[in-house]
Novice: 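Encoded as structure tokens, here's the structure I'll be asking about.
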There are 2 protein chains.
Amino acid sequence: MGKQMTEMLKGTLEGIVLAILSVRPAYGYKITARLREQGFSDIAEGTVYALLVRFEQKGLVDVVKIPSEKGPLRKVYSLNAQGQEYLEEFWRTWSFLAGQLDQLRGGGR
Amino acid sequence: MGKQMTEMLKGTLEGIVLAILSVRPAYGYKITARLREQGFSDIAEGTVYALLVRFEQKGLVDVVKIPSEKGPLRKVYSLNAQGQEYLEEFWRTWSFLAGQLDQLRGGGR
DNA sequence: TACTGGTACATAGTAACGCTGAATAGAGGC
DNA sequence: GCCTCTATTCAGCGTTACTATGTACCAGTA
């Protein structure tokens with residue numbers, strides 16, 4: 001992945017994963033696979049797990065352990081009220097930034 | 001400034017400043033002031049200067065020293081061909097990310 | 001039994017970036 | 001002289017994503 005993308009993901013990946021969780025609960029492995037399908041080609045496994053741990057520590061998610069059909073236990077994460085709140089703030093921040101960028105891009109031509 | 005914004009600016013502020021320079025050459029103090037007016041309320045002084053130094057090291061900008069009407073010499077930065085190229089790549093990366101986020105946001109409701 | 005491959009989670013170490021806070025310095029106004 | 005505004009620089013810090021590796025469970029196969 002490009003270095004620009006790597007840096008741009010800081011702060012954004014968090015929101016992306018929260019948004020994914022807001023649609024439906026999911027576990028790390030699945031989230032990583034989904035991100036890769038969506039074009040974030042080399043998101044590292046460890047990256048998502050670290051993120052999920054942080055969510056848990058901040059109290060943004062609830063966790064349930066569910067047996068997998070194949071392999072070790074899955075840790076299924078779901079967004080709780082606080083996480084929803086946090087996600088909304090993320091969207092506000094993102095909107096502002098995207099607005100500014102659009103303006104700059106338009107003005108630059 | 002919010003912590004979310006701080007993290008989101010990583011990788012993005014770089015593009016923002018490059019975009020500003022692509023419109024017309026500018027110097028650190030002015031850029032910082034302009035960013036603050038545009039709503040990036042507490043961009044730290046040092047942040048922009050560090051960015052400009054990095055641009056210089058990567059060879060994305062040309063630098064001229066010009067006397068100020070009031071105060072020490074200004075270091076005026078202008079985007080060169082390589083910088084222009086880099087900025088275009090930034091826009092491509094940004095477009096991809098913004099597209100993904102828009103999709104997620106739409107799907108989440 | 002041993003091997004392979006897919007699923008699933010965890011973690012130590014590293015690099016990059018923006019922030020904090022302070023220092024330096026010139027010019028003009030009181 | 002002292003303060004304010006302009007203008008740049010730098011050391012140290014916290015957060016984040018990446019790299020690389022390790023653990024573990026299960027199914028299929030030879």
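As the structure is a prediction and not an experimental result, all values here were calculated from the model. Numbers restart at 1 for each chain; the letters A, B, ... are given by sequence-line order, proteins then strands.
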Novice: Hey, does K30(B) reach any base, or is it just sugar-phosphate, or nothing, if we go heavy atoms under 4.0 Å?
Specialist: nothing

Novice: Quick check on dA17(D): is either OP1 or OP2 less than 4.0 Å from any side-chain nitrogen or oxygen of R54(A)?
Specialist: yes

Novice: For G11(A), which contact category applies under a 4.0 Å heavy-atom criterion: base, sugar-phosphate, or nothing?
Specialist: sugar-phosphate

Novice: Just to confirm, is there a sub-4.0 Å distance from OP1 or OP2 of dA17(D) to any side-chain nitrogen or oxygen of T6(A)?
Specialist: no

Novice: Taking Q82(A) for the side chain and L60(A) for the main chain, is one N or O donor matched with an acceptor at less than 3.5 Å?
Specialist: no

Novice: A side-chain contact here means heavy atoms from C-beta on lying under 4.5 Å apart; do F90(A) and L101(B) qualify?
Specialist: yes

Novice: Counting only side-chain heavy atoms from C-beta out, which of dG18(C), dC9(C), dC25(D) sits nearest to Y49(A)?
Specialist: dC9(C)

Novice: Indicate, with a heavy-atom threshold strictly under 4.0 Å, whether E45(A) touches base, sugar-phosphate, or nothing.
Specialist: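 Since a base atom lies under 4.0 Å of E45(A), the category is base.
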
Novice: Name the closest nucleotide to the R74(B) side chain, picking from dA7(D), dA17(D), dT7(C).
Specialist: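 Closest of the options to the side chain of R74(B): dA7(D).
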
Novice: Closest approach to the side chain of P72(B), judged atom by atom: which nucleotide of dA17(D), dA7(D), dT16(D) is it?
Specialist: dA7(D)

Novice: What is the ring orientation for F40(B) with F96(A), classed by angle as parallel under 30°, tilted 30 to 60°, or perpendicular over 60°?
Specialist: perpendicular

Novice: Does a side-chain N or O from Y27(B) land closer than 4.0 Å to OP1 or OP2 of dA7(D), or not?
Specialist: yes

Novice: What nucleic acid atoms does T47(A) come within less than 4.0 Å of, heavy atoms only: base, sugar-phosphate, or nothing?
Specialist: base

Novice: Pick base, sugar-phosphate or nothing for L52(A), based on heavy-atom distances below 4.0 Å to the nucleic acid.
Specialist: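 Counting heavy atoms under 4.0 Å across all strands, no contact is made by L52(A).
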
